[in-house]
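Read the structure below first, then the notes.
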Amino acid sequence: MSRFFATGSDSESEESSSADEITPKAPGATFKQSLLLSDDEEDTKRVVRSAKDKRFEELTNLIKTIRNAMKIRDMAKCLEEFEQLCRAFLKSKTIVDKEGVPPFYIRLLADLEDYLNQLWEDKEGKKKMNKNNAKALSTLRQKIRKYNRDYETEIAAYKENPQESADEEEEKEAEESASSSDSEGEAGDDGVSAKAFLKKKPEAPPEASKFLKSAKGSGDESSSSSDDDDDEDWGSDSVDSGSESSDEGEGKSASLAVVFLKKTQGAEKSSEKKLGKKKKPKKKERLEEEAEEEGGEEVEGGWEKVKGGAPMVKEKPKMFAKGTEINVPVVVKKLNEILQARGKKGTDRAAQIELLHALANIASENNLGQGIMVKIKFNIIASLYDYNPNLAAFMKPDMWKKCLDCIDELLDILFENNNIFIGENIAEDSESLVASDQPFRVRGCILTLVERMDEEFTKIMQNTDPHSQEYVDNLKDEGHVCGIIDRLLEYMENKGSTEEICRIYLRRIMHTYYKFDYKAHRRSLGLQGESKSEQDQEESEGEDSAVIMDRLCKFIYAKDRTDRIRTCAILCHIYHHALHSRWYQARDLMLMSHLQDNIQHADPPVQILYNRTMVQLGICAFRQGMIKDAHNALLDIQSSGRAKELLGQGLLMRNMQERNAEQEKIEKRRQVPFHMHINLELLECVYLVSAMLLEIPYMAAHEFDARRRMISKQFHHQLRVGERQPLLGPPESMREHVVAASKAMKMGDWRTCHSFIINEKMNSKVWDLFPETQRVREMLVRKIQEESLRTYLFTYSSVYDSISMGTLSEMFELEIATVHSIISKMIINEELMASLDQPTQTVVMHRTEPTSLQNMALQLAEKLGSLVENNERVFDLKQGVYGGYFNRDQKGGYQQNKSYNRDQKGGYQQNKGGYQRGGYRNQNHQNNY
C-alpha cells in the first residue's frame, strides 16, 4: 500500500507521485531490488521505504521461516524463530498501534497453535521425536498458549471465517499492488512494462523460479491457484493504467483518477472472486485438478512441475560405450563404479541390483571366466542384503527368492570349478580374476553370506503371522535353506578351515536340534510303513538325526576354540536327547558340562537356549517317571512367572521405566520363531502335576509341623486361589483340574484324582501332545496310585491298630509286592511308625504318635521356650549374665532341656527333612509331662 493510502494527505500524495524513488510490491510478496529509475538518475540506485514496509517485511520473512520449519517438523527451529518474531513484533508496536494487528500475523498465531495441538495429540509421532524437538515442542506449546491470550478475539474471528480473512488480506495486497503499479507507470522510462515487471521474480534465479511456480501450482498453504489469477488480472490492469498515465504532460489529478478507477474495478473483481470461491468445493481433488490445468497452460512458457523428495535416478547409466572392448579390467572398473554409489543418499537400490545382474550377463556373454562371475555374484548378494537399510526390517518375498537363487548359482560355480579360491584374507590387489594357468583368487566369504541368509530367514519367520497360510508357505523355504547349508557344509569340509567348519556345523545343528525324528522313532519301536512305497522311502533315507547330531557335536567338542559355539552345541545336543526321551544321556551331558555354573555370564540368545534345554529336560524326566527331577528342572523357569519371556516366546507387558522402546525392539529380535515354540500350557501342567505328586504326601506327613516348608510356591498359590472361590463348580481350565485332583488325593481318593487328571479335556490339551501318549498316561496312573497310598497312610495311620496289605492292594489297585515295597520304604525312612507282620501280611501301627491335643501342646511349649530365650537376651544386655537356672551356658541348664529335646535324632520334627513319628516315644516322659 502506498503512502497516499496510508495517510490520505494531499502533500504526501504529491510527493509520492513525483518522487523518483518508488517502492513497488507484487501481490503476496515483498521484493528487495533497485527499481527502474529515470534517465537522469541511472547512476544512483536507491530505494526509499517506509518504516511500516520495513517492519512488515521483517515479520513476513520470519513467518515464512516458521512455516518452512513446520513443514519439516523442526520444533527447535520453530521455537527459535517464534522468539525472534515476538521481539520483531514488539519493535513494530508503534506501527501496529496505528495500523492494527496485521492479518497475516493473526493467521500464523492461529495456524501455529492448531499445528502444535495436533502434534501434541499424536502420541506415536512424539515418541519418534528426538530429545531436542520434544523439549522444544513442549516449550513452544506453553509459550503460544500464553501469547495467544492477548489476541483471543482476533484469532476467534479468523477461525470463524478463515476464508474471508484470507480474502481481506488479498484485497489489501491488491490495493498495494495497484498503487505501486500506478506510480511505476508514471516513472518507468526504460521500456520495461509493468506487467513484465510484476511477473518477474527479482531474487530467484530461473531454476528456483520453476520450483516456486510449481509449489504454487500444487496448492501451498500460503497461496492457491486463485491467487495466481488475481495476480495476472492486477498485472493486466496495471498495464492499462500505465499506458493511460504514461504521458508526462498529464497532471496529478489524472493519475489519481486512474488509481481510484482501478480501485473500483479491483473491488468489483475481488467481490466476484469471493463469490466464486464460496461456490467452489473445498476439496483436495479440486485443487489438484486446477493445479494440473494451470500447469498444463504454463508448459508453453517453460514452467515445469517438480516432485518433492530425494532425486531419483531417472536414466540408467550406459554400461559400455559402443565399440568398447569388453575384458576383465573394464568389467571390474564398471563394477567399482556401480559399487561407489552403494550406501549413498538417493541411490536406487533396486536399480543397482539390476545393473549388477546386467553386468553379470555381459561377463557371461563375453566368456570372461568364472573368477569375475564369482566376484559379481558376491556383490549381487551383498546388495540384496543391503536393500533394507533398517536392521529390524525383513526381506520381501521377491528379494528373498532372488537371494536363494543367487547363492545356489554361486555354489554351483564353486563346485564346478575347483581352481577358484575365495577368502576374506585375500586382498583386492592380489585378486586373480583373469583366466590363466594360475587358479582364480577372489576376495569374499561364502560362509558369511550363508549365515546372513539364515538370519534373514529367522527374521522373515519372526515377522510373519504364525496363524496364517503365509507362515506355512514361508516355512516351506526351510528345506531350501537347509539344502544350501548342507551344500556349503560339503564344500567347507574340503576347502574350509577348522573354525569355518565349526561355524557351518553349528548352523546345521540349529536347524536340527528341535525337530522330532518320527521315522527314527517308528524304527526304534519296530514299526514299518503301511505301504510298500513308505518302506522303500525309509530304507533309501540317510542316517538318523541322532547320528547326525552326534557326529557334528563331537567334532565341535574336539576342534572348537570359542566357548560360545561349544556351549550352543552342547545345549542343542542335550535338547535333542531330551526330545527323544534319552533321559540319562541328556542328564549326564548336562552335569558333565557344568553349564549351570557360568550360564549367567552368557549372552541373551545363549541364555534363552539354556532355558529351553532345561525345560525340555524337565519334560523328558516327567515322561520317564522321574517326578522329582522333573520338578527341579522346571522350578526356576516356572517360579519366576515369566516363562514366556525366558523362553523367548513373547514379551510380557511392562512399564516404560523397566523397558524402553529400543530395548523392546532388541528383545523382539531375540524371539524364537513360532514353529520352535514349546507349549506353555503343557509345560505348566507338567510342573503342577509334578508339584502335586510331591507336595500332597509331604503336606499330609507334616500337617501339624510349624516349620513345614513349601516345595512349590506356585502350586500353593493355585490351591489358595481354589479355596477362595465362593462357588465350586466342575473344573474347566487345566489349573482347576489339577487343584481338584489335589484335593481328592489329600483324602486318599485316587480314582477321583485320576478322573480329574486324565480325561478327554486334559488329553486334548496336554497328554495327546506327547509322542508316546499311552505310556505317559499309564505312568501317571501308577504315580497317582502310589502317592495316594502314601498320603492315605500318613493321614489315617492314627485311626488304625493294624491294616491288611491285601486291603490296601484292593483299595489302590496295586500289586501286594508294590504295597509291601512302599510301606517298607516308609518304615525304613522313619516316616511311618509301624512294623510288618509277614505271616499275616498286615501292617501293625505303633501307638506312639501324639494326638492332636499333644501336638498343639508341643507347639505351645516350643513357642513359650523361644519367648523366654528372647527375654533372657534382653535381660542380659541390660543386667549382665543372670546365673543359676537361667544360665544358658551351664550344663544341664534351661536351654538344654528346652523344646523337650525335639531337635535330637529321633525327635518329633526334624530328621533330614523327613517326617519323624518316633520322637514322642524316645523323649524322657517324666521331663515332658
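As a basis for the values below, the full set of heavy atoms in this structure was taken, side chains included, without hydrogen atoms, waters or symmetry mates.
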ask   = Can you say whether the rings of F516 and H580 are parallel (under 30°), tilted (30 to 60°) or perpendicular (over 60°)?
value = parallel
inquiry  = Over 60° means perpendicular and under 30° means parallel, so tell me whether Y491 and F415 are parallel, tilted or perpendicular.
reply    = perpendicular
key: T773 versus R777, side-chain donor and acceptor atoms under 3.5 Å   = no
message = Ring-plane angle category for H631 and Y687, please: parallel below 30°, perpendicular beyond 60°, tilted otherwise.
response = parallel
task = Classify the ring geometry between Y575 and Y513 as parallel (under 30°), tilted (30 to 60°) or perpendicular (over 60°).
result = perpendicular
Salt bridge (Lys or Arg N to Asp or Glu O under 4.0 Å) involving D588 - partner list, sequence neighbours excluded = none
Exam field: side chain D550 to backbone A546, donor-acceptor pair closer than 3.5 Å = no
key: Expected output: side-chain R443 to main-chain I426 donor-acceptor under 3.5 Å   = yes
query = Do R587 and H577 meet the criterion of a side-chain donor-acceptor pair at a distance under 3.5 Å?
reply = no
query = Less than 4.5 Å apart, any side-chain heavy atom of L411 and any of I446?
reply = yes
ask   = For Y387 and Q352, does a side-chain donor sit closer than 3.5 Å to a side-chain acceptor?
value = no
ask   = With distance as the sole test, does R669 use its side chain to make a donor-acceptor pair with the main-chain N or O of Q462 at under 3.5 Å?
value = no
ask   = Atom CG of L682 and atom CZ of F770: how far apart are they, to the nearest 0.5 Å?
value = 4.5 Å
ask   = Taking E787 for the side chain and L694 for the main chain, is one N or O donor matched with an acceptor at less than 3.5 Å?
value = no
ask   = Would you say the ring centroid of Y518 lies under 6.0 angstrom from that of H521?
value = no
inquiry  = For K515, is the NZ atom crowded, meaning more than 12 foreign heavy atoms sit under 6.0 Å from it?
reply    = yes
Short side-chain to backbone donor-acceptor contact, Q616 and A578, under 3.5 Å = no
note = A630 and F622 have their tightest heavy-atom pair at CB-N, 3.7 Å
inquiry  = So if I apply the salt bridge (Lys or Arg N to Asp or Glu O under 4.0 Å) rule between K401 and each of D477, D408, D473, which one comes out positive?
reply    = D477
ask   = Looking only at heavy atoms, which two atoms of I565 and C502 are closest? And how far apart?
value = CG2-O, 4.1 Å
message = Determine whether Y514 and L579 satisfy the following criterion, side-chain contact (heavy atoms from CB on, under 4.5 Å), listing intermediate values before the conclusion.
response = CA-CA 8 Å; Y514 63 90; L579 189 64; 5.5 Å; no
message = What I want to check is whether the side chains of D517 and H576 have a donor and an acceptor closer together than 3.5 Å.
response = no
Residue pair Q624 / R775, side-chain heavy-atom distance below 4.5 Å = yes
note = For Q714 and S639 the tightest heavy-atom approach is OE1-N, 4.5 Å
task = Would you indicate whether the side-chain heavy atoms of Q596 and Y610 approach each other to under 4.5 Å?
result = yes
note = Nearest heavy-atom approach of F756 to P731 is CE2-CG, 3.7 Å
query = Taking all atoms of both residues into account, what is the closest heavy-atom pair of A569 and L506, and its distance?
reply = N-CD1, 4.1 Å
